[in-house]
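Structure first, then comments.
In what follows, residues are counted from 1 in the order of the sequence shown.
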Amino acid sequence: MFYKILEAAKEHSSLSKKQIIELLLSKDQSLFETANKIREKTKGNGIHLRALIEFTNFCRCNCYYCGLRYDNHKIKRYRLTEDQILLSVDNAMKADYKTIVLQGGEDMFWSKDKFCNLIKKIKEYDVALTLSIGERPKDEYKAFKDAGADRFLLRIETTDKTLYRKLHPNMSFENRLRCLKDLKELGFETGTGCLVGLPNQTISSLADDILFFKELNADMVGIGPFIPHPNTPLSNEQKDNFDLSLRVMAITRLLLPDINIPATTAMETLRENGQIIALQSGANVIMPNFTTSEYKKEYEIYPNKKSSNNCINDISEQIKKIGRKISTSKGFRSDYT
């Protein structure tokens, strides 16, 4: 039955919830081989590099799993200036990166106008721009799109409404959905994703997460294993979620063959060579960190975060060993490299 499910997925890019659950529960390694073959067929052997700039760790949210949460008073807060951000962009461009990812906590210091001015300056470079800055009104998303932003990443984290509400005090699951739908309507390449291994999360809800990615027709999906942070309410929870995270990622590739899927830093943090393993299981993106070194350690969503080498030559040598290459495109969903 397992192999019939894989064959059906390869042929139709479609699975029932029951079939997804069966794949999630299986220990068969053929899932990863199949996902990798589908990735090669639909995306080629190019790996897209995104230059990640974590520009602020201020956040108005109080999510139970996140080290940036508002009530974590042990963290040293920082907020990069526009000039500091542009210096990081310049460094990434000199290193021949094609995409900038501007990521931060939900920091309302950064108003619509401030963001639009920054977006316009970044887009003076020949670069694709992804924003990962949380929930905003639709008119602000539209302004960011009009200013030149290309992509937006907003992870749903879990589609289990009860679990979502427990983990996100004073936040609305419905508003999260509204944001994602607004982003799609406005023409952003829209990314989402989930945490795997959250307390009280079920295999059934993970299957629902994967089906949600399919229903949304997400352009990017990031799968992150839950890693407990010591200064959060979930500090004592278990964290060995690598294998299950890899399965969620691989099944996502089966259902959305042509999307971009990062090999997340969290996977590397949990398992030595975790990113390489993910790249051999359906992933096709790496996001090396270009945040100024003095602030990089303060962007601590989870502890002991690995920092990817951002030298293209070094990355290229590493991925050549698995028969891959660095893509020279900007890495839109339609790109094949």
Side-chain angles (χ1 to χ4, degrees), residues 17 20-29 31-32 35 57 59 61-75 105 155-169 171 173 176 192-213 221-253 261-283 287 297 299-308:
K17 181 175 179 179
I20 292 172
I21 289 173
E22 185 163 341
L23 294 182
L24 287 171
L25 291 173
S26 173
K27 301 299 182 184
D28 196 306
Q29 300 297 300
L31 169 62
F32 307 126
N57 70 352
C59 192
C61 302
N62 219 11
C63 308
Y64 280 13
Y65 50 79
C66 182
L68 304 191
R69 68 192 309 264
Y70 180 81
D71 278 346
N72 180 9
H73 301 299
K74 295 182 179 181
I75 191 174
R155 298 205 330 190
I156 194 71
E157 304 299 10
T158 176
T159 54
D160 181 328
K161 293 181 184 180
T162 301
L163 183 57
Y164 187 96
R165 288 163 185 155
K166 284 181 179 178
L167 297 177
H168 301 87
M171 292 178 69
F173 180 81
R176 198 76 164 185
T192 190
C194 66
L195 279 169
V196 177
L198 289 165
N200 300 313
Q201 188 179 52
T202 65
I203 292 294
S204 177
S205 74
L206 284 171
D208 287 333
D209 293 346
I210 296 168
L211 289 169
F212 171 76
F213 304 152
V221 174
I223 309 299
F226 164 65
I227 302 174
H229 191 288
N231 300 324
T232 67
L234 304 184
S235 59
N236 295 321
E237 298 293 339
Q238 299 297 313
K239 68 173 185 179
D240 190 13
N241 311 301
F242 180 86
D243 291 336
L244 184 56
S245 300
L246 203 65
R247 288 195 167 274
V248 173
M249 188 200 77
I251 297 167
T252 299
R253 173 61 74 194
I261 299 179
T264 60
T265 308
M267 287 189 172
E268 186 73 17
T269 300
L270 276 188
R271 185 73 55 87
E272 185 177 358
N273 293 321
Q275 285 184 309
I276 292 295
I277 295 169
L279 289 170
Q280 293 175 301
S281 305
M287 296 198 293
K297 66 182 183 298
Y299 198 86
E300 194 179 77
I301 295 175
Y302 53 85
N304 305 314
K305 183 173 70 171
K306 297 289 185 183
S307 183
S308 300

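Residues P262 and M249 come closest through the heavy atom pair O-SD, 4.4 Å. Heavy atoms only, all atoms of each residue included: P303 and P230 are closest at CG-CD, 3.9 Å. The minimum heavy-atom distance between L24 and R247, with the atom names listed, is O-CD, 3.5 Å.
Taking K161 as the reference, nothing meets the salt bridge (Lys or Arg N to Asp or Glu O under 4.0 Å) condition, with sequence neighbours excluded. With sequence neighbours left out, the ring-ring contact (aromatic ring centres under 6.0 Å, His included) criterion links Y65 to H168. Qualifying ring-ring contact (aromatic ring centres under 6.0 Å, His included) partners for F173, counting only residues two or more places apart in sequence or in other chains: Y164.
The shortest side-chain heavy-atom distance between C66 and N72 does not fall under the 4.5 Å cut-off. Put simply, the side chain of I210 does not reach to within 4.5 Å of the side chain of V221, judged on heavy atoms. The closest side-chain heavy-atom distance from R69 to P233 is below 4.5 Å.
Using a distance-only test at 3.5 Å, with no hydrogens or angles considered, a donor-acceptor pair links the side chain of E268 to the main chain of Q275.
Annotation for D71: atom CG counts as buried by contact number, over 12 foreign heavy atoms lying within 6.0 Å. Within a 6.0 Å radius of NZ in K166, other residues, nucleotides and ligands contribute 12 heavy atoms or fewer.
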Item to check | Candidate pair L31 and I251, rule side chain to side chain contact (heavy atoms under 4.5 Å, CB included), full reasoning | outcome: CA-CA 8 Å; L31 169 62; I251 297 167; 4.0 Å; yes

Checklist entry - Given the rule in the side chain to side chain contact (heavy atoms under 4.5 Å, CB included) test, do Q280 and F32 qualify, once you have shown the distances and angles that lead to the verdict? => result CA-CA 7 Å; Q280 293 175 301; F32 307 126; over 6 Å; no

Checklist entry - Can you list the steps and then say if E157 with L167 is a side chain to side chain contact (heavy atoms under 4.5 Å, CB included)? => result CA-CA 10 Å; E157 304 299 10; L167 297 177; over 6 Å; no

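The pair D243-K27 fails the salt-bridge criterion, with no side-chain N (NZ, NE, NH1 or NH2) lying under 4.0 Å from an Asp/Glu carboxylate O.
Of the listed residues (T202, T159, T158), just one forms a side-chain contact (heavy atoms from CB on, under 4.5 Å) with D208, and that residue is T159.
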